[in-house]
Colleague: 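Structure in structure tokens, see below.
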Amino acid sequence: MFEPVERVPGDAILGLIEAFKNDTNPQKVDLGVGVYRDDKGNTPVMRAVKEAETRLLKNETTKTYIGSHGAPAYGNAILPLVLGAESPVLEAGRASATQSPGGTGALRLAADFIAKQLPGRDIWVSDPTWPNHHGIFTAAGIELHKYPYVDADNRLDFDGMLAAIRQIPEGDVVVLHACCHNPTGFDLSAEQWQAVLEVVRERKLLPLIDFAYQGFGQGLDEDAHGVRLFAEQLDEVIITSSCSKNFGIYNERTGCLIAVAKNAEQMENVRSQFAIVARENYSNPPAHGSSIVGEILHDPELAAAWREELTEMRDRVNGLRQAFVKALEPYGLADKYACVGEQRGMFSYTGLTPDQVDRLREEFGIYMVRSGRANVAGFSQENLPYIAKAIAVVNGVSVDD
Ligand code: LMR
């Protein structure tokens, strides 16, 4: 029976974790998978998370199922975090939260919901986008198309993006990245969000906003600008939110599928369908991560400590962007890679070609996605001179040995 089954290469991003682990080069650098790293290259447990876990361990009384929508204390903490504490959308009872196993789980729930409840609607993603968007939506049986996002000079191609979205057939779904665009790091300005909103409204599209990096761009509220604008101005929006990065709880698989509907009644209808797709996929989400987040966000002191630590992480990444460009100055490459200083979030679309990425890995033990996407959090003051020199070499710049 299994004879015809072919072996396939593993996921390109997750495969880098293993390849990096097996590399014996003492100077190796991991710029691959999107996890935060401190200046020692570690991904520590956040202090507020540790404190919340200590409390949970002490106070936990049961491990019974938490229901297909997850823990209410999680949902009612995530909604104001994403939509704003004073959101008119929340006031009107137009939004619901369904806890999911990570942001990826939320995307899969959204995909199954669209395939079942909105059949015949295609989905449009940016070119490039997080490669798993392709897998998730096509696995759900939805036809996928692309709209342009970067131009040949590795800059945001906003005109191209808008013109393409204008051509999307009425009623289709358009996927937007709320902030920290993965993989490029190019985000939309407030004016650009407004312009996209007009087109989405005019074309009667359903926006699905992937919000995996809230707090890693400019701030928790700043990064939510597009999400809140769309939720407040449009009747219907789907949002997939993740706590993996901003709480650093990657392996606890904690995310949320948010529906914004025209009114409370339609919201309840959609919400009831979300419970069905959750039940069919995995029944109930895991509890630990959502308990951590609920514990933190419902305790003002702990929430303040978490915000402070997240700010430190964000500032570190943004500082490294500038330090990277500076490290390339001696090689005359600062202008070529100036985009890294301008992009936002964890990732940079560096403009390095697949061949250059291969050379960086093979000759220097520097790992990044072949598209040229680098995880900026993998830079450190210590490894930047080494990375800069390696980039100079693969660009054909002569360097002193
Ligand atoms: C990434 O893009 O590196 C992260 O979102 C992790 C993943 O699951 O791919």
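Ligands are counted one by one from 1 in listed order, and the atoms in each one are counted from 1 as well.
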Colleague: For D127, what residues pass the salt bridge (Lys or Arg N to Asp or Glu O under 4.0 Å) criterion, not counting sequence neighbours?
Modeller: none
Colleague: Could you name the protein residues that come within less than 4.0 Å of ligand 1, counting only heavy atoms, and order them by chain and residue number?
Modeller: I13, V33, G34, W130, N182, Y213, K245, F347, R373
Colleague: Which donor-acceptor pairs under 3.5 Å do the side chains of residues 274-282 make with protein atoms, sequence neighbours left out?
Modeller:
| from | atom 1 | to | atom 2 | distance (Å) |
| --- | --- | --- | --- | --- |
| R279 | NH1 | S283 | OG | 2.5 |
| E280 | OE1 | K116 | NZ | 3.0 |
| E280 | OE2 | K116 | NZ | 3.2 |
| N281 | ND2 | D112 | OD2 | 2.9 |
| N281 | ND2 | V277 | O | 2.9 |

Colleague: By the side chain to side chain donor-acceptor pair (under 3.5 Å) test, which pairs, at least two apart or in different chains, include something from residues 164-174?
Modeller: W124-D172
Colleague: Should the pair H181 and Y149 be assigned to parallel (<30°), tilted (30 to 60°) or perpendicular (>60°) ring geometry?
Modeller: parallel
Colleague: Any side-chain donor paired with an acceptor under 3.5 Å for Y331 and N395?
Modeller: no
Colleague: Given F347, which partner from the list Y213, Y36, F216 fulfils the ring-ring contact (aromatic ring centres under 6.0 Å, His included) test?
Modeller: Y213
